[in-house]
Amino acid sequence: MYDKSLEKEYYTICEERGYFEIDGNKKIQQKDKYFCIMMPPPNVTGVLHIGHALTCTLQDITTRYKRMDGYKTLYQPGLDHAGIATQNVVEKQLLTQGITKEKLGREEFIKKVWEWKEQSGGTIVKQMRILGITPAWSRLRFTMDEGLVNAVKKAFVDLYNKKLIVRDNYMVNWCTHDGALSDIEVEHKENQGKLYHLRYFIKNSKEYLIVATTRPETYFGDSAIMVNPNDQRYKHLIGKEVELPLLNRSVKIIADEYVDMNFGTGVVKVTPAHDINDYEVGLKHKLEFITIFDEKGILNHHCLNFQGKERLEARNEIVTYLQEQGFIEKIEDYINQVGYCYRCKNIVEPYISKQWFVKNDIAKESIQKVNLGGSKFYPSHWINSFNAWMKDLRNWCISRQLWWGHQIPVYYCECSHEWASEENPQCCPKCQGKNFKQDPDVLDTWFSSGLWAMSTLGWGNKDWGKNTLWNDDDLKNFYPNSLLITGFDILFFWVARMMFQSTNALGDLPFKDIYLHALVKDEQGRKMSKSLGNVIDPVESIEEYSSDILRFTLALLAIQGRDIKLSNDKLLQVRNFTNKLYNASKFLLLNEESFEDLNPKNIKSNLAQYIYSRFNICVKEVRENLDNYRFNDAANTLYRFFWDEFCDWGIELSKAEKSSIKELGSIFKEALKLLNPFMPFISEYLYHELSKTSIHTHDSIMITKYPIFHTQNKDIEELFNIIIESIISIRRAKTLIELGNAKIQKAYIKLNDSTLENKVKDYSNFIITLAKCEEIHFTDNNIKQAIRDVSENLEIFIPTQDLDLSGILNRLNNQKNKLEKDFNKLNSMMQNEKFIANAPSQVVEQNKVQLSNIKSQLDKIYEEISHLKG
C-alpha cells in the first residue's frame, strides 16, 4: 500500500539530485525554451497558512509542467526581512529580559535580529518542503542578502538622481509605535466611537457655533473654523473669529465649498497638522500648521496642563474638563472608520513629517505598457483594478523609522551637502570632509521586494557573473519573468510596485502573465479565523491526508475569480481518488508483472485503442487548461479520465479482453506523468511500481517528458460509446425487473443508426461480459412482451416470457392500487363544486399539481405492467 511517509523520502532524493535547479531536467531541455516564476517572498517571521499553500501549489504545478515540457526552468524562492514585523518580534523578546533596543544601540540590536533570523527564521521554508514544491533552493534569497542590498542601493540612487525620489515635509499615515506607513499599510475598520459636539464662542459675543468631532483632543491644533460660502446660516459670520475653548487663542471663520452643508451643523474645525483633508485646506488657505503631539503621540506645550500625556489616553480627561467648563453641547454614539497599523494594530494618526517619497510619475510607463498588452492578467478583469489604483496613485512614502531594514543610502555633510551613493563614502564629494552621517531611516519593506523580479537575477550587482547564485545570462533568459502567481490581496502592495520599479529600471514589464487567485474560505464561504474556529492548517492537513491530497484538492477548487471553499469532505473525496489510483495499479499488476513505457505503435487491442484515444483528449485538455491557468479544469479533466474512463470503464472492459491489460498498463504509466505536477508523490510511487524500478536507482518521473497530444480515433470512440451505452441501458432495464446482478438469457439492441450494427457486433463480447447476458441480438423492430430502456443512441429490450415476474408485478400492482385510491379521492374532491368555491385558491392550485403528478406516476406504472405482461 502507498504510504504517505514516502513523500519526504522522495522529496529529499529529488532535491539532492538537483532536479529542482535550472538544469535539473537537462536531459530533456529544449533550446531557447525558458520559464521563470518568482515565489512571493513570505515574511521571515511567517508560517505556512492555507493561502501560502494555494499560491505555492499553483506555482509548483506550473513549474513541474514546464520542467517536464523541456523548459529551462527557474522557480525562484526567497524570504522577506519584513521590517516592522521582525523588529517588533525581537523588541518584544528583548523587553521580556528588561532590555530596550535603545539601551542596546542600533548596531547591537541589528545583530540580535540576525541571530533571531538564523535561529527561528525560515520555518515556512521547511513547511513548504512538506508541501512538495520544487523551487531552486540553492538560489534561496533573502531581501537583506548582500546582493539584494546592492540592488536596493542602485535602485534608490538611480531614482534619486532622476529626481523620482524626493524628501519633503508632508502629511503621512503615522503609527506612534512603528512610524510612517504607506496608505495600503493602514487597515480601516469600523469603530464604535463617540461624536463630541463642541461649542466655539464667537469672539466678543455670547453666541457660539457647534462643531462635531470624533477626535476632541485635536482642537488644540485648530487653525480655522470653516463653513460653506453658500450656506445662508453662516454667511454673515465669514471673516469673524471664534475663541478656542480653554485657550487664549482665536481663529478665523473661513469659507470653502469643500464643506458639506447637510452634514452635522455645517460647521467644521480645521486642524491642518492632524487631518489629511484639513492639510489640503490649510495649504489652500495658507493656515498655520500647529503640531500638538510628538512622534510617540505625547501631547506638547500647545495642550495646556495635558502636556506630557499620550493623545488617546488624555482624551477622556480633556472631554471631562471641557464639560466642566461648559464647552460640550452633547456627546453621542457614532460609528466611523478608523485606520490601524497593519502590524501592531495601533490607531494611525495623520501626521506631518519629513519623509522620503517615490513620486507617482514613476508609474506612467508601466501603466502604458500594461494597457498595450505587455502583461496579461488572469482573470482579465484585474486590469481594471490595476488601472484604477495606478491612475490615482499618490506619492509613496518609503522611509520608515526603524533600525531593521535597508538603511537609506543618503548622506548629509556638515557643509550642507546631501548626496546618495551605492558605495559607503569615505568623504564628502563636495568639501572632501569626513564629518557626515547617513540618514538613520530604513526603506519600506515593499521597496526591496518591489525589485524581486530582477534583483534575484543579479540586477544591481557589478560582479554578478562571478556569483554562484546567478550568472550573466540570468537576466537575459529569465527576465521578464514568464508568470507571477499570487493572491489578489497584494496586487497593490507588491505586484504594482514591481511593475513600476522594474519597468523604470529595465524598460520592460517584469511579467508576461499575472495570475491572481482568490481567497481560501471554509465550506460555508466564510473567511477563516481563529475566533470562528474554521482555520484549516495546511501542515495538519498534510499530516492527516498527504501533500498530494491537499495539492490536488486546492487545484480542483481553484476556479479563476472565485473564492475557494475548502472542506474536509473535499479532502476525503480526493483521498478516495488516490485509493482509486492505487487499486487500478494493483489490478494491473495482478495481471501483468510489469509494464513498458508507452509506444503508440504497440497499441493493438480494441479497448487499448479506445482508452489511448481518450487519453490523448485528456492530454490536449490538460495542456490547454494549464497554458491558460485553468487549474480546476485541468484537475477535473485528470479526475474524470482516471476515475471514469480508465478505472470505471477501461479496467471493467478489460475483463472481456484480457489481452489489452499490458497495453492499458503502459497508457496508465503515461497518464501518471500527466498527473505528476498535481500529485507528484503517488504518481512517482505507482510509476516505479508498474515499471518494476525504483527511484533509488532510476530517474524520477518528474524529469521525464510531459505527454503530448498525438491523435484521436473518433471511429473507435463512437463504437465504444455505443458499447458503454448498451451496457448501462441493459443494467438499467435489469434493475427495473429486479435482476440487477443476475445473469439473463438474452437482450435485444435496437440502434438508432443501423449502419453501425455490424461494427458493434464485433464488440459484443464486452456487452455480454459486463451486462451479464448469455446472448446479445440486434433488431430493427420493437420486441413485444419485453422490458424496454431508451437512451440517446439505442433502445434495449429484455424479453420477459421466460422470466418469473410475479414479484415485480405484485409490487407494481400494489403501487398502482395505492395511487389509484389517492387519485380517485383527490379527483372526487376536485369535482366537488362546493369545495372549489370555498377552498383557498392556493389549496386548489396545490391539489391540481398533486393530481397531475399522481396521474403521471400511474401512466408510467401502467406502461411498465403492459411491457411485462406483453
Side-chain angles (χ1 to χ4, degrees), residues 80-91 100-102 104-114 143-144 148-161 163-186 291 293-297 341-344 346 348-359 362 394-414 416-425 436-451 493 497 501:
D80 191 278
H81 65 280
I84 293 175
T86 304
Q87 179 158 321
N88 283 343
V89 168
V90 178
E91 274 193 74
T100 65
K101 73 177 193 299
E102 287 77 15
L104 271 181
R106 183 169 190 150
E107 189 174 335
E108 288 302 312
F109 176 76
I110 290 175
K111 284 182 183 178
K112 289 290 183 184
V113 180
W114 276 106
T143 49
M144 292 292 287
L148 272 67
V149 168
N150 294 339
V152 167
K153 288 179 180 178
K154 176 175 175 55
F156 185 96
V157 173
D158 286 351
L159 293 172
Y160 178 91
N161 291 335
K163 302 193 183 307
L164 285 171
I165 284 182
V166 294
R167 186 172 182 240
D168 201 356
N169 282 307
Y170 194 76
M171 180 158 282
V172 297
N173 300 295
W174 187 267
C175 172
T176 56
H177 181 269
D178 293 320
L181 302 171
S182 64
D183 291 344
I184 55 177
E185 291 174 314
V186 179
T291 301
F293 54 75
D294 67 11
E295 295 175 350
K296 298 298 182 184
C341 174
Y342 82 117
R343 285 299 180 194
C344 70
N346 189 17
V348 170
E349 293 280 357
Y351 191 72
I352 295 175
S353 177
K354 196 164 193 177
Q355 301 291 337
W356 287 98
F357 295 87
V358 175
K359 295 171 72 174
I362 192 176
R394 295 172 61 187
N395 290 348
W396 170 24
C397 177
I398 56 171
S399 45
R400 297 291 181 269
Q401 289 63 56
L402 302 170
W403 287 355
W404 172 244
H406 296 271
Q407 191 169 351
I408 292 174
V410 171
Y411 301 85
Y412 310 100
C413 181
E414 65 178 5
S416 300
H417 182 59
E418 173 192 302
W419 75 100
S421 173
E422 293 182 52
E423 310 295 335
N424 293 326
F436 60 87
K437 61 182 180 179
Q438 186 173 357
D439 193 301
D441 287 353
V442 300
L443 288 164
D444 176 13
T445 297
W446 298 103
F447 188 91
S448 54
S449 59
L451 305 172
F493 277 100
R497 301 203 189 289
Q501 282 184 268

What are the two closest heavy atoms between F156 and P409, and how far apart are they?
-> CD2-CG, 3.6 Å
Looking at residues at least two apart in the chain, or sitting in another chain, which of them share a side-chain hydrogen bond (donor to acceptor under 3.5 Å, both in side chains) with H406?
-> none
Are I362 and L159 close enough that some pair of their side-chain heavy atoms sits under 4.5 Å apart?
-> yes
Donor-acceptor contact present, side-chain D178 to main-chain I84, <3.5 Å = no
Report yes if the side chains of K101 and W403 come closer than 4.5 Å at any heavy-atom pair, otherwise no.
-> yes
Report yes if some heavy atom in the side chain of C341 is under 4.5 Å from a heavy atom in the side chain of V186; otherwise report no.
-> no
Please identify each residue that fulfils side chain to side chain contact (heavy atoms under 4.5 Å, CB included) with E423, with sequence neighbours left out.
-> S421, K462
Residue list, salt bridge (charged side-chain N to carboxylate O under 4.0 Å, His left out) with D294, at least two apart or on another chain | none
Sorted by chain and residue number, the side-chain hydrogen bond (donor to acceptor under 3.5 Å, both in side chains) partners of E414 (sequence neighbours excluded) come out as N435
Interatomic distance, Y411 atom OH to W419 atom CH2 [nearest 0.5 angstrom] = 8.5 Å
Under the side-chain hydrogen bond (donor to acceptor under 3.5 Å, both in side chains) test, which residues partner Q355, sequence neighbours left out?
-> S353, S399, Q401
What heavy-atom pair brings T445 and G83 nearest, and what distance separates the two atoms?
-> OG1-N, 2.9 Å
Residues forming a salt bridge (charged side-chain N to carboxylate O under 4.0 Å, His left out) with K154, sequence neighbours excluded = D158
Please name all residues satisfying side chain to side chain contact (heavy atoms under 4.5 Å, CB included) with S416, sequence neighbours left out, ordered by chain then number.
-> none
Expected output: side-chain T143 to main-chain S448 donor-acceptor under 3.5 Å | no
Distance col, row Q438:CD vs I408:CD1, nearest 0.5 angstrom, shows 9.0 Å
Atom pair CG (L104) and CD (E91), whose distance is rounded to the nearest 0.5 Å = 10.5 Å
Sequence-distant partners of A82, side chain to side chain contact (heavy atoms under 4.5 Å, CB included), two or more places apart | N43, D80, A85, T86
Parallel, tilted or perpendicular: which fits the ring planes of W396 and F447, with parallel below 30° and perpendicular above 60°?
-> tilted
Could you give all pairs that pass the salt bridge (Lys or Arg N to Asp or Glu O under 4.0 Å) test and reach residues 395-406, with sequence neighbours left out?
-> E185-R400, R400-D444
How are the rings of W174 and Y351 set to each other: parallel, tilted or perpendicular (split at 30° and 60°)?
-> tilted
State the CG-CD distance between L451 and Q501, to the nearest 0.5 angstrom.
-> 4.5 Å
Gap between atom OG of S449 and atom CZ of R497 - 0.5 Å precision = 8.5 Å
In this structure, CE of M171 is separated from CG of N173 (nearest 0.5 Å) by 9.5 Å
Is there a side-chain contact between T176 and E295, using heavy atoms and a 4.5 Å cut-off?
-> no
Heavy-atom side-chain proximity of H81 to V113 below 4.5 angstrom = no
Can you check whether W404's main-chain N or O pairs, donor with acceptor, with Q87's side chain at less than 3.5 Å?
-> yes
Between Y170 and N395, is any pair of side-chain heavy atoms under 4.5 Å apart?
-> no
Taking only residues two or more places apart in sequence or in another chain, which ones pass salt bridge (charged side-chain N to carboxylate O under 4.0 Å, His left out) with K111?
-> E108
Qualifying residues under side-chain hydrogen bond (donor to acceptor under 3.5 Å, both in side chains), relative to D439, sequence neighbours excluded | W356, Y412
E102 atom CD, neighbour heavy-atom count above 12 within 6.0 Å = yes
What are the two closest non-hydrogen atoms of H177 and C344, and how far apart are they?
-> CB-SG, 4.1 Å
Is any side-chain heavy atom of W114 less than 4.5 Å from a side-chain heavy atom of K112?
-> no
Taking salt bridge (charged side-chain N to carboxylate O under 4.0 Å, His left out) as the test, write out the residues that go with R394, two or more places apart.
-> D183
Examine F493 together with W446 and report whether their ring centres are nearer than 6.0 Å.
-> yes
Mind checking whether R106 and P440 have side chains closer than 4.5 Å, heavy atoms only?
-> yes
